[in-house]
Amino acid sequence: MKPVFALVDCNNFYASCERVFRPDLRDRPVVVLSNNDGCIIARSKEAKALGIKMGAPFFQVREQLAEQGVVCFSSNYALYADMSSRVMGILEQEAPRVEIYSIDEAFLDLSGIEGCCDLTEFGRQVKAKVDQCTGITVGIGIAPTKTLAKLANHAAKRYPATGSVVNLMDSARQRRLMALVDVAEVWGVGRRLVKKLNQRGIFTALDLADANPKMLRSEYSVVLERTIQELNGWSCLALEQVPPTKQQIVASRSFGERITDQASLRQAITMHISRAGEKLRAEQQLAKVLQVFIRTGAFNEHDPYYANALSCELPTPTDDTRVLQKAADELLSKLYRAGYRYAKAGVMLTDFYQYNTLQADLFYDASSHAKAQTLMGVMDQINQSGRGQLYLAAQGHEQHWAMKRERLSPAYTTDWQSLPLVR
DNA sequence: TCTGGGGTCCTAGGACCC
DNA sequence: TCTGGGGTCCTAGGACCC
């Protein structure tokens, strides 16, 4: 059976989420800022039309945005994650198999439904349903491979006449579109690769599709060879319905203000360890290797620069926040140098083990490990219940370095106190 | 003063083994 | 002049993605 993929992608997702609950902003330019109100990471259509650049540092464009009447939001991940799960829920109702690819994108496997209905019409129905139920508009690209579906989605967004649904099952139509599209737009072709491909005379997606896959593989990598095959309608990337288990977990943040003392760094590292531990337990895994890293600002030429990381192997794999915190603290003591203005710190967990395949050593104490797991379970439950927060004292109560979020919108969908009111 | 966070995969090269 | 051949595992770094 010929495979059929659809890529559903939410338009300007974060900016759209903010606008769903603020109808007064419907036609106004809106941008959403990264953590710490650092850079611009999402723009509404109107904001893009004003020429506002993706990734622009907020402090550099702040005045200009104010003059242009652009509404700015701090990022509100609780809201975006909840809106995302609503959108994905609808897709799961509509399509037989779904791969949630990112917070705002999903691949659908539509193989076999051609016989029952017109693919383009199906796409329009899905789009209308998502719009009606969530207020989020999406673009949909349909094609025989994931890479072509991505390209079709790109076209759906770029050409309004398509009604945001593009069916690219026909190979003549694929070639017509590819001839119009810059090779930089192809999924898997990043900035570095574009330069090299341009030097070889490959400028459009079609140039790449017609290139020799074996030759480009030997010069670059098997990834690019697969991309070429996919552009030619040979599906190399399958739908992945079950997310593969994670291989690493990272928790890190820049500080709202620079830190110079070790005590504050210790608080921050403890907080990151707690978050990483929660993620690890949600994955039902144990970690053996822990890394801690700290660094000063990367942009200021006047301040001395220092960035360093240290890792250690734990005696046995663990998911106990307290054990991880103790190890992290020792690493931090070795890493810390006085006299620097630190901008960011974080932790990384790697080398994971499943609960039941754990290879215990001679001194492994099963009963104390079971107790620790119960304790961590209770802690996670309380923290998720919304009734209060349990955390290690080392995290501190007042964090002067906490993330800057000066333009945060309410948690409209995840907090009773913040429900929008209709009068 | 102020520039995000969290992932994956691939490859080359070194260490080590028989 | 000339110093084997073949394999695995691990790590660091590069490139990409959203």
Side-chain angles (χ1 to χ4, degrees), chain A residues 7-10 12-14 31-42 53-63 65 72-77 80-81 84 99-107 146-147 150 153-154 183-197 216-227 236-237 240 243-260 272 275-276 279-280 283 289 291 293 295-303 309 311 313 341 343-352 401 403-407:
Chain A
L7 177 65
V8 182
D9 186 325
C10 301
N12 320 321
F13 185 56
Y14 296 169
V31 302
V32 177
L33 307 172
S34 64
N35 281 331
N36 250 329
D37 296 346
C39 320
I40 291 170
I41 54 166
K53 295 268 181 324
M54 182 73 169
F58 183 48
F59 76 95
Q60 285 176 3
V61 294
R62 190 176 193 144
E63 307 256 304
L65 297 188
C72 307
F73 288 99
S74 300
S75 42
N76 184 347
Y77 283 99
Y80 313 149
S84 172
E99 172 187 339
I100 298 172
Y101 178 68
S102 73
I103 195 164
D104 71 334
E105 274 174 71
F107 285 103
K146 282 182 162 182
T147 306
K150 272 270 190 187
N153 188 282
H154 172 74
V183 71
E185 301 295 338
V186 174
W187 192 38
V189 177
R191 216 181 316 178
R192 306 286 174 123
L193 212 44
V194 169
K195 272 193 189 158
K196 294 176 191 164
L197 292 175
L216 290 192
R217 173 184 182 149
S218 68
E219 209 154 326
Y220 303 105
S221 82
V222 64
V223 181
L224 188 60
E225 183 191 20
R226 280 201 285 256
T227 300
C236 306
L237 306 168
E240 289 178 26
T245 49
K246 282 200 203 324
Q247 320 235 358
Q248 63 172 50
I249 287 171
V250 178
S252 72
R253 282 275 181 285
S254 318
F255 307 123
E257 58 186 63
R258 298 287 194 253
I259 284 179
T260 54
H272 297 323
R275 280 180 52 226
K279 291 189 204 180
L280 185 64
E283 285 274 310
V289 172
Q291 186 185 78
F293 59 91
R295 70 165 173 80
T296 60
F299 298 94
N300 191 336
E301 292 161 16
H302 307 299
D303 279 351
S311 56
E313 195 164 314
R341 298 177 66 234
K344 182 174 178 173
V347 304
M348 175 156 64
L349 303 177
T350 48
D351 197 6
F352 293 163
W401 42 267
M403 180 163 72
K404 213 169 21 166
R405 300 169 97 184
E406 286 167 358
R407 295 147 187 271

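Owing to the predicted nature of the structure, the values given are computational and were not obtained by experimental measurement. Below, chain A is the first sequence line, B the second, and so on; all start at residue 1.
- Both A:Ala343 and A:Ala251 lie close to DNA chain B; mapped to their nearest nucleotides by heavy-atom distance, the more 5′-ward contact belongs to A:Ala343.
- For A:Arg341, no side-chain nitrogen or oxygen approaches OP1 or OP2 of B:dT1 to under 4.0 Å.
- Distances from the side chain of A:Lys196 to the nucleotides B:dC9, C:dA15, B:dG6 place C:dA15 closest.
- Within the structure, every side-chain polar atom (N or O) of A:Asn36 is placed at least 4.0 Å from both OP1 and OP2 of B:dT3.
- Pair check for B:dC18 finds C:dG5; Watson-Crick or G-U wobble, both atom distances under 3.5 Å.
- Between the side chain of A:Ser74 and the main chain of A:Asp37, no donor-acceptor pair closer than 3.5 Å is present.
- A:His272 places its NE2 atom 8 Å from the P atom of B:dG5, with the value rounded to the nearest Å.
- A salt bridge is absent between A:Glu240 and A:Lys146; no separation between the charged side-chain nitrogens and carboxylate oxygens falls under 4.0 Å.
- Distance A:Glu185 CD to C:dC17 C1': 14 Å, rounded to the nearest Å.
- Counting any heavy atom pair closer than 4.0 Å across all strands shown, A:Arg258 reaches sugar-phosphate atoms only and no base atom.
- Between A:Arg275 and B:dG6 there is a side-chain N or O to OP1 or OP2 distance below 4.0 Å.
- Between B:dG4 and A:Ser75, no contact under 4.0 Å exists linking OP1 or OP2 to a side-chain N or O.
- Here A:Asp104 lies in heavy-atom contact (under 4.0 Å) with sugar-phosphate atoms only.
- Taking side-chain N and O atoms only, A:Lys279 has a distance below 4.0 Å to OP1 or OP2 of B:dG7.
- Across the protein-nucleic acid pair, A:Met54 atom CE and B:dT3 atom C1' stand 14 Å apart, rounded to whole Å.
- Nearest heavy atom pair, residue A:Gln247 against residue A:Phe352, reads C-CE1, 3.6 Å.
- Across all strands shown, A:Ile249 has heavy atoms under 4.0 Å from sugar-phosphate atoms exclusively, and none from any base.
- Distances shorter than 4.0 Å separate none of the side-chain N or O atoms of A:Arg217 from OP1 or OP2 on B:dT11.
- Comparing C:dC17 with B:dG4, their C1' atoms are spaced 15 Å from each other, to the whole Å.
- Taking the charged nitrogens against the carboxylate oxygens, A:Asp303 and A:Arg341 do have a contact shorter than 4.0 Å, which makes a salt bridge.
- Ranking B:dG5, B:dC9, B:dG4 by closeness to the A:Ile41 side chain, first place goes to B:dG4.
- Phosphate contact (OP1/OP2 of B:dC9, side-chain N/O of A:Arg226, threshold under 4.0 Å): absent.
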- [ ] Go through the steps for A:Glu105 and A:Lys150 under the test side chain to side chain contact (heavy atoms under 4.5 Å, CB included), then give the verdict.
- [x] CA-CA 10 Å; A:Glu105 274 174 71; A:Lys150 272 270 190 187; 2.7 Å; yes
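- Atom-to-atom, CD1 of A:Ile103 to P of B:dG4 comes out at 19 Å; the value is rounded to the nearest Å.
- Base engagement by A:Gln60 is indicated by at least one non-hydrogen atom pair under 4.0 Å involving a base atom.
- For the pair A:Val32 and A:Tyr80, the minimum side-chain heavy-atom distance is below 4.5 Å.
- No contact: A:Lys404 has no heavy atom under 4.0 Å from any strand.
- Within the 4.0 Å cut-off from OP1 or OP2 of B:dC9, not a single side-chain nitrogen or oxygen of A:Ser221 is found.
- At the heavy-atom level, A:Tyr101 lies under 4.0 Å from the strands shown only through sugar-phosphate atoms.
- Closest to the A:Trp187 side chain, of the nucleotides C:dC18, B:dT3, B:dG4, is C:dC18.
- Note on A:Glu257: nothing from the nucleic acid sits closer than 4.0 angstrom, heavy atoms only.
- Among the nucleotides C:dC16, B:dT3, B:dG7, the one closest to the side chain of A:Leu193 is C:dC16.
- Distance A:Lys246 NZ to B:dC9 P: 12 Å, rounded to the nearest Å.
- Following rounding to the nearest Å, A:Leu224 (CG) and B:dC10 (P) show an atom-to-atom distance of 13 Å.
- When rounded to the nearest whole Å, the span between CZ of A:Phe59 and P of B:dT3 equals 7 Å.
- Regarding A:Gln248, its CD atom lies at a distance of 14 Å from the C1' atom of C:dT11, rounded to whole Å.
- Between A:Lys344 and A:Phe255, the shortest heavy-atom distance links the atoms N-CE1, 3.5 Å.
- Using a 4.0 Å cut-off, no side-chain N or O of A:Lys150 falls inside it from OP1 or OP2 of C:dC16.
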